[in-house]
Amino acid sequence: MSLSICCTGVKMDSTDRTFNKGKDFLLVQFDCKTDVDDLQTVAALATLLSDSNFTSINYHAVAGTYGIQEGLYVPPNDLFQLAFGDHWTDAHNNIKGAVEKVKSLVIKTLEKDGDLWIADAGQSDFSAELVNAIQKDLPEIETSKRIHVVQHAEWNEEVTTPEKLDFVKRNTDYIKIPDGNGVGNGTPGFRTPEFTNWDDKITNPEMRKIWQLAIDLSNKFNGKEGRYHNEAIAAGGLDFSDLSEVCWILGIRNIKDTGHFFNLYAQ
């Protein structure tokens, strides 16, 4: 989730890092509190992962990885199940159990000399718990080189528990990229109020179901009961700005905006 759309002063990390599709692990973590943009990011991620270039990627998604922000949770479980099947975990209802489950998946990759790449589509509290657990089980692993955390929003950092954000920055390869809400700042911009014709772009029946559920849930919870009011989504447009982190990780950073994304990956 990312409420701020300002990218002033944020610079793309220029260090060369490469995701190895053959051995690395992609972990995408969604806070789902309180912005509904995470729901649309789920649909966009499912769309991206259905592309032949990325179907072999070892990935997992986690719901409920929020920090200290106030506001109500946006229940995403039906959408996560539809989009990811067995490849997701619910941290909202059981964070300790989620850390243990995800840790067991990640350790398999680390023990085979693969790296962990975390797209923090929200705050870094869960990342801190996960990295701490991995360090206890695999003390020989140099997490600052083998675990990469990508964050795109200053607001997400501001509402991460301070000591946990500090822990993640000290114990991982922490990469801050420009905000995915903006266009032309070095990463894709996926917040587009005027993009209202997604259903003309998606032809795959299963993918259409995922997008429709994401849109329906977005409309149901957007701005309700004190939740964040996402103006782009309220206007009938789309906001899957958190996908900018995944695009950075996978090396597809030349995507301009929402329309460009659908032209490339819609089925």
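In this text, all values refer to a predicted model and were calculated from it rather than measured experimentally.
Environment of CD in Glu70: sparse, with no more than 12 heavy atoms of neighbouring residues, nucleotides or ligands closer than 6.0 Å. For Asp78, the CG atom sits in a loose shell: 12 or fewer heavy atoms of surrounding residues, nucleotides or ligands are nearer than 6.0 Å. With a 6.0 Å radius and a threshold of 12 heavy atoms from other residues, nucleotides or ligands, Asp86 has its CG atom at or below the threshold. In Lys256, the NZ atom is not crowded: 12 or fewer heavy atoms of neighbouring residues, nucleotides or ligands sit closer than 6.0 Å.
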In a table with atom names and distances, give each donor-acceptor pair under 3.5 Å that connects a side chain of residues 103-110 to protein atoms at least two apart or in another chain.
| residue | atom | partner | partner atom | Å |
| --- | --- | --- | --- | --- |
| Lys103 | NZ | Glu100 | OE1 | 3.1 |
| Lys103 | NZ | Asp137 | OD2 | 2.9 |
| Ser104 | OG | Lys101 | O | 2.6 |

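In the hydrophobic clustering of ILVMFWY residues, with side-chain heavy atoms under 4.5 Å counting as a link, Ile68 and Leu72 come out apart. By the criterion of side-chain heavy atoms lying less than 4.5 angstrom apart, applied directly or through intervening Ile, Leu, Val, Met, Phe, Trp or Tyr residues, Leu26 is grouped together with Trp88 in one hydrophobic cluster. Hydrophobic clustering (side-chain heavy atoms under 4.5 Å, transitive across Ile, Leu, Val, Met, Phe, Trp, Tyr) groups Ile57 together with Ile255. Under the 4.5 Å side-chain heavy-atom criterion for Ile, Leu, Val, Met, Phe, Trp and Tyr, Ile141 and Phe25 are members of the same hydrophobic cluster. The hydrophobic clustering, which links ILVMFWY residues whose side-chain heavy atoms are closer than 4.5 Å, places Phe190 and Ile249 together.
Side-chain contact check for His148 versus Leu116: every heavy-atom pair is 4.5 Å or farther apart. Under the 4.5 Å side-chain criterion, counting only non-hydrogen atoms from C-beta, Leu27 is in contact with Leu130. Here the side chains of Thr192 and Leu238 are not in contact, with every heavy-atom distance at 4.5 Å or above. Two residues are said to be in side-chain contact when any heavy atoms from C-beta on lie closer than 4.5 Å; Leu48 and Leu250 meet this criterion. Two residues are said to be in side-chain contact when any heavy atoms from C-beta on lie closer than 4.5 Å; Trp248 and Ile175 meet this criterion. Taking 4.5 Å as the limit, some side-chain heavy atom of Ile147 sits within range of a side-chain heavy atom of Val131. Phe261 has its side chain out of reach of Phe195: every pair of non-hydrogen atoms, C-beta onward, lies at least 4.5 Å apart. Counting heavy atoms from C-beta on, the side chains of Val102 and Gln29 never come closer than 4.5 Å.
Ring geometry for Phe80 versus Phe84: interplanar angle over 60°, hence perpendicular rather than tilted (30 to 60°).
Smallest separation of non-hydrogen atoms from Gly97 and Asn94: N-OD1, 2.9 Å. Listed here is the closest heavy atom pair of Leu165 and Ser124: CD1-OG, 4.2 Å. Listed here is the closest heavy atom pair of Pro188 and Ser244: O-CB, 3.8 Å. When all heavy atoms of Gln151 and Ala153 are compared, the closest pair comes out as OE1-N, 3.0 Å. Residues Ile210 and Leu79 come closest through the heavy atom pair O-CD1, 3.6 Å. Minimum interatomic distance between Ser50 and Thr55 (heavy atoms only, all atoms of both residues): O-CG2, 3.5 Å.
Considering CG of Asn93 and OG1 of Thr89, their distance stands at 12.0 Å, rounded to 0.5 Å. The structure places CD of Gln135 at 9.5 Å from OG1 of Thr172, a figure rounded to the nearest 0.5 Å. Trp211 CH2 to Asp199 CG: the interatomic distance, rounded to the nearest 0.5 Å, is 11.0 Å. Within the model, atoms CG of Asp242 and CG of Leu45 stand 10.5 Å from one another, a figure rounded to the nearest 0.5 Å. Of the inter-residue distances, the one linking Lys169 atom NZ with Lys176 atom NZ reads 7.5 Å to the nearest 0.5 angstrom. For the atom pair Tyr73 OH and Phe221 CZ, the distance stands at 11.0 Å (nearest 0.5 Å).
Remark: Lys96 does not engage Glu129 in a salt bridge, criterion side-chain N to carboxylate O under 4.0 Å.
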Dump the intermediate steps for side chain to side chain contact (heavy atoms under 4.5 Å, CB included) on Asp38 and Val74, then the final yes or no.
CA-CA 9 Å; Asp38 284 7; Val74 179; over 6 Å; no

Report the C-alpha separation of Ile233 and Leu39 in whole Å, then their side-chain angles, then the decisive distance to 0.1 Å, and conclude whether the side chain to side chain contact (heavy atoms under 4.5 Å, CB included) test is met.
CA-CA 11 Å; Ile233 291 175; Leu39 303 175; over 6 Å; no

Kindly determine whether Asn219 and Val36 satisfy side chain to side chain contact (heavy atoms under 4.5 Å, CB included), including the steps that lead there.
CA-CA 8 Å; Asn219 292 334; Val36 296; over 6 Å; no

For Val150 and Val246, what are the C-alpha separation, side-chain angles and deciding distance, and is it a side chain to side chain contact (heavy atoms under 4.5 Å, CB included)?
CA-CA 8 Å; Val150 180; Val246 176; over 6 Å; no

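Gln212 places no side-chain N or O within 3.5 Å of a backbone atom of Ala214 that could act as its donor or acceptor partner. Here the side chain of Thr143 pairs a donor or acceptor atom with the backbone of Asn171 at under 3.5 angstrom. Looking at Glu194, its side chain never comes within 3.5 Å of a backbone N or O of Gly236 through a donor-acceptor pair. Put simply, the side chain of Asp24 gets close to the backbone of Asp115: a donor and an acceptor are under 3.5 Å apart. With hydrogens and angles ignored, the 3.5 Å screen pairs no side-chain donor or acceptor of Asn132 with any backbone N or O of Ala128. Checked by atom type and distance alone, the side chain of Asn204 pairs as donor or acceptor with a backbone atom of Met207 at under 3.5 Å. Using modelled atom types, one side-chain atom of Glu245 and one backbone atom of His152 make a donor-acceptor pair closer than 3.5 Å. At least one donor-acceptor pair closer than 3.5 Å links the side chain of Asn263 to the backbone N or O of Gly259. Judged by distance alone, the side chain of Arg253 and the main-chain N or O of Thr187 form no donor-acceptor pair under 3.5 Å. The backbone N or O of Gly122 lies less than 3.5 Å from no partner atom in the side chain of Lys33, so there is not a single donor-acceptor pair.
Judged purely by distance below 3.5 Å, without hydrogens or angles, the side chains of Thr161 and Asp125 pair a donor atom with an acceptor atom. A side-chain donor from one of Asp35 and Asn230 sits under 3.5 Å from a side-chain acceptor of the other. Side-chain contact annotation: Gln123 with Gln69, donor-acceptor N/O pair under 3.5 Å present. Neither side chain, Thr258 nor Trp198, offers a donor N or O lying under 3.5 Å from an acceptor on the other. Residues Asn77 and Asp90 have side chains that bring a donor and an acceptor to within less than 3.5 angstrom of each other.
By the 6.0 Å and 45° rule, Lys201 does not stack over the aromatic ring of Phe262.
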